[in-house]
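Reading through the structure tokens given below for one structure.
Every heavy atom of this structure was used, including side-chain atoms; hydrogens, water molecules and symmetry mates were not.
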Amino acid sequence: NGDPMLGADLTAQVAAIAGAGAGIRITNEGNDYVRNFTMTREVVSAARFYKTFFGLEPGSSVSSTGIINRIYNATSSGARQLHDYESNTLGSIAALNNFRFNVAWLKLRQPRIHVAYYLSRESWALDSTAISETYDRAATLRDISDLDFVTRLSVIDGHLKNHQVLVLSDSSVLEPKVAEIIEQWVKNGGILIACSYREKPLGGRLYDLSSWRDRMLTSSLPKAHNLLTTHIDGSTPEHWVLNIGKEGDDTWLMGGWHEREVGLEWPDIPDAHKRWSGINPEIQMPTLPGADYLLKLAVNVPGYALENASGDVMINGHVIGKLVPGLMDLELRVPRAAIGEKSLTILEFNIKTWKPTEKGSVDTRELGIGVRKVEWIRSGAENISPASARLRTEVNRLALDDVTRKIGLGSTIHLKGLAGDHDLIARILSVTLGHNVDGQLDKRYVTETADGYLWFDAIKSEISLTKP
């Protein structure tokens, strides 16, 4: 719990004990599958690579559905042991029944994993915000594909050898030896998805890796909305509301956004929720061109977000208003000239991220502004009830080519400035894998095994198996 919160190098621990034939059991599981995955995966990946065994144990009490989630994490990871406490399994009829109906899934499996995800522990001492970002991004990527977590030690020891793709992010420090191995791995056919923040280049601290970046990565600064081709699926409403922080909002958000949370700033609004923006936040809005629009925003603007920033509110790059510190209910008129002829309008903010840890908080995130609600009304539709809309999103292959560089038999994809857009990275990972049996951000997780594809539906808490 220090600052920075470094914790133990679990890969090094596994490597140290594997030669003696010892195993390792990690004690930090809870109820949520994807959180359990991110918290246990470093030990899991290291144990499989260094050829030893491992077990999983809960950190405290577990709910009846948590029983199922833990069974899936254990069997899809290749665990030899699943430890639990009597009060968890026998504490309720529901828990006992869930254990009885799902325990048959517990068998020793050998998962086949094609994607490696780099844990840049060497960066965490200098940038504590990278820790939470690293695990949050991994949680999103797991919805597309199973992952192995690799570190500087396991990369040096050869862990990339059997992986098709490496996702490298939050790595302001990258040791030259590791960079050299990654370069050779790409030349031999690997695909590197390199994600960076605009002001934090990969390998930009402690070591001078500028020549490595010049050889390996494109230098263009892409926009999230250019890398995705998004279409309205169905009719476009004239009056549309997006309650940010509620289910379904993620389809419309691009760039950097944090998780949903309660909107404590709006105590008079029933069930108010929000999201904090991160770096380069954008919001897509369904539009019927040919008329003026009214934009309504409910936002919380900390003064920190406007330091050395204009606070401009922009529609398709046109400034239509400004943010000021405090809770704001903005109403901004948007001329049709700013909207143009596209069916999707892009809302952006010129703000600066700030760190709560530098303001006396324990929150390690990089925050911008808190956004609760966006309302988008075509001229003449003020009295029409708001309606919903659906989006269909695909990766723009031509735009992706612009940030792709061929290196030997492999290639690199450089998402410069877009490390905070976890959904975008996940979609690009899906396209990069090509053959991926899942590839959808749908809370359904899959692991390839010798028996077939082992699935977990996190919404229904159901495990299933399908044959190739």
Side-chain donor/acceptor of Asn31 to backbone N/O of Ser63, under 3.5 Å: yes
Glu394 and His231: side chain donor to acceptor below 3.5 Å: no
Polar side-chain atom of Ser310 near backbone of Asp312 as donor-acceptor pair, under 3.5 Å: yes
Where Gly23 and Thr52 come nearest, the two heavy atoms and their spacing: CA-OG1, 3.8 Å
Charged N-O contact under 4.0 Å between Arg444 and Asp143: no
Minimal non-hydrogen separation, Ala305 against Gly368, with atom names: CB-O, 3.5 Å
Heavy atoms of other groups near Arg215 CZ, more than 12 under 6.0 Å: yes
Pair Glu42, Thr11: side-chain N/O donor-acceptor within cut-off below 3.5 Å: yes
Between Trp240 and Trp252, ring centroids under 6.0 Å: yes
Steps toward side chain to side chain donor-acceptor pair (under 3.5 Å) verdict (Ser210, Asp208): CA-CA 6 Å; Ser210 56; Asp208 182 9; 2.8 Å; yes
Lys352/Glu307 under salt bridge (charged side-chain N to carboxylate O under 4.0 Å, His left out): CA gap, chis, key distance, verdict: CA-CA 7 Å; Lys352 182 182 178 182; Glu307 293 178 359; 5.4 Å; no
Salt bridge Asp146-Arg41, side-chain N to carboxylate O under 4.0 Å: yes
Arg427 side chain near Leu441 side chain, heavy-atom distance below 4.5 Å: yes
Sidechain N-carboxylate O distance under 4.0 Å for Asp250, Arg260: yes
Heavy atoms of other groups near Lys359 NZ, more than 12 under 6.0 Å: yes
Basic-acidic side-chain contact under 4.0 Å: Arg365, Glu261: yes
Test log, rule side chain to side chain donor-acceptor pair (under 3.5 Å), inputs Thr447 and Arg142: CA-CA 10 Å; Thr447 293; Arg142 178 62 184 96; 3.0 Å; yes
Closest non-hydrogen atom pair, Leu242 against Asp249: CD1-CA, 3.9 Å
Pair Arg48 + Asp148: basic N to acidic O under 4.0 Å: yes
Considering all heavy atoms, the nearest Ile425-Cys195 contact: CD1-SG, 3.7 Å
Within-4.5 Å side-chain heavy-atom neighbours: Thr404 and Leu400: yes
Full working for salt bridge (charged side-chain N to carboxylate O under 4.0 Å, His left out) between Asp451 and Lys107: CA-CA 11 Å; Asp451 299 331; Lys107 60 179 290 188; 3.0 Å; yes
Atom OH of Tyr445: over 12 foreign heavy atoms under 6.0 Å: yes
Flag side-chain contact, heavy atom, 4.5 Å: Val165 against Leu429: yes
Lys200 bridged to Glu366 by N-O distance under 4.0 Å: yes
Any donor-acceptor N or O pair under 3.5 Å, side chains Thr75, Arg109: yes
Minimum side-chain heavy-atom gap Arg35-Glu29 below 4.5 Å: no
